Trainee: 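Pasting a structure below so you can have a look.
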Amino acid sequence: MSKANPTPAGQPRPLAEIASYHAHIYFGDAAQRRHAEWLRQRIGERFRVRLGSWRDEPVGPHEQAMYQVSFATEIFATLVPWLMLNHGGLSILVHPNTTNPKRDHTVDPIWIGRSLGVHGEVLGEEDEAEEALEVNTQPTLEA
Ligand code: ZN
């Protein structure tokens with residue numbers, strides 16, 4: 001029995017557990033920061049999401065500087081593949097938002113690019129599942 005899959009035999013977890021997603025786009029040196037800026041502009045031109053503040057210092061469970069992209073479940077099938085093609089070597093953490101933030105970040109996420117550490121110990125295991133935050137982009141371009 002794998003420790004990473006604590007789901008008991010029987011009923012699978014339903015998709016309805018997922019209220020929204022986050023993509024955390026990490027950057028380190030100046031070149032990575034420039035690519036993060038390039039990505040941010042192009043995400044905003046193409047996807048209905050909420051672009052979060054620049055976090056130039058590690059915050060919460062995150063080990064590197066980053067910004068967050070909050071998005072609704074119906075955006076996943078276009079934004080996530082687009083990030084796979086355009087991450088330019090940056091590490092991106094894509095995690096669901098359910099009622100268990102610790103599990104969302106440490107057990108159930110996907111990584112685009114190289115995976116980084118996540119400080120799951122600062123996250124709770126029972127919370128209200130976060131709905132997608134209010135969109136602050138006005139996309140005009142096709143992905
Ligand atoms: Zn997050």
Side-chain angles (χ1 to χ4, degrees), residues 2-8 11-143:
S2 163
K3 187 166 180 264
N5 185 5
T7 309
Q11 292 301 313
R13 295 168 60 194
L15 283 175
E17 281 189 33
I18 302 177
S20 67
Y21 292 95
H22 289 169
H24 293 276
I25 298 176
Y26 295 93
F27 52 92
D29 61 20
Q32 290 187 336
R33 166 89 189 205
R34 280 195 299 277
H35 191 69
E37 291 170 0
W38 182 94
L39 264 183
R40 185 182 175 95
Q41 179 184 338
R42 283 155 186 82
I43 292 167
E45 290 168 346
R46 287 164 179 79
F47 299 98
R48 289 180 47 77
V49 299
R50 181 159 197 96
L51 294 168
S53 307
W54 287 93
R55 299 291 200 154
D56 287 314
E57 299 294 333
V59 61
H62 305 287
E63 282 194 347
Q64 269 197 15
M66 59 89 202
Y67 60 84
Q68 170 185 294
V69 184
S70 168
F71 57 99
T73 57
E74 60 266 26
I75 305 295
F76 185 97
T78 50
L79 176 59
V80 173
W82 189 89
L83 290 171
M84 289 173 174
L85 299 180
N86 291 293
H87 70 100
L90 299 185
S91 294
I92 302 178
L93 170 68
V94 180
H95 69 80
N97 287 312
T98 73
T99 57
N100 188 328
K102 184 175 186 176
R103 182 174 57 187
D104 293 343
H105 286 76
T106 61
V107 181
D108 296 340
I110 58 173
W111 284 92
I112 298 171
R114 187 169 59 89
S115 62
L116 304 175
V118 174
H119 294 291
E121 70 277 9
V122 306
L123 296 169
E125 296 184 59
E126 185 61 53
D127 203 351
E128 201 159 312
E130 182 186 293
E131 300 290 335
L133 303 179
E134 187 184 346
V135 170
N136 64 357
T137 58
Q138 294 182 309
T140 57
L141 299 179
E142 289 290 315

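The shown structure was predicted, so the numbers you read here are calculated from the model rather than taken from an experiment. Whatever order the structure lists ligands and atoms in, that order sets their numbers, starting from 1.
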Trainee: What pairs of donor and acceptor atoms, side-chain ones from residues 135-143 against any protein atom, are under 3.5 angstrom apart with sequence neighbours left out?
Mentor:
unit_1	atom_1	unit_2	atom_2	d
Asn136	OD1	Leu51	N	2.8
Asn136	ND2	Leu51	O	3.1
Thr137	OG1	Phe47	O	2.6
Thr137	OG1	Val49	N	3.2
Thr137	OG1	Val49	O	3.4

Trainee: For the Zn ion (ligand 1), count the protein N, O or S atoms found under 2.8 Å away.
Mentor: 3
Trainee: Checking side chain to side chain donor-acceptor pair (under 3.5 Å) against Glu37, which of Arg34, Arg40, Arg33 comes through?
Mentor: Arg33
Trainee: Test of understanding: with side chain to side chain contact (heavy atoms under 4.5 Å, CB included), list the residues that count as partners of Ala132, not counting sequence neighbours.
Mentor: Ser20, Ser70, Ala72
Trainee: Check side chain to side chain contact (heavy atoms under 4.5 Å, CB included) between Leu116 and all other residues, then give those that pass, not counting sequence neighbours.
Mentor: Tyr26, Gln64, Ser91, Trp111, Arg114
Trainee: Is there a salt bridge (Lys or Arg N to Asp or Glu O under 4.0 Å) between Asp108 and Arg13? Walk through the geometry before answering.
Mentor: CA-CA 12 Å; Asp108 296 340; Arg13 295 168 60 194; 2.9 Å; yes
Trainee: Would a 4.5 Å heavy-atom cut-off, applied to side chains only, mark Glu45 and Arg42 as touching?
Mentor: yes
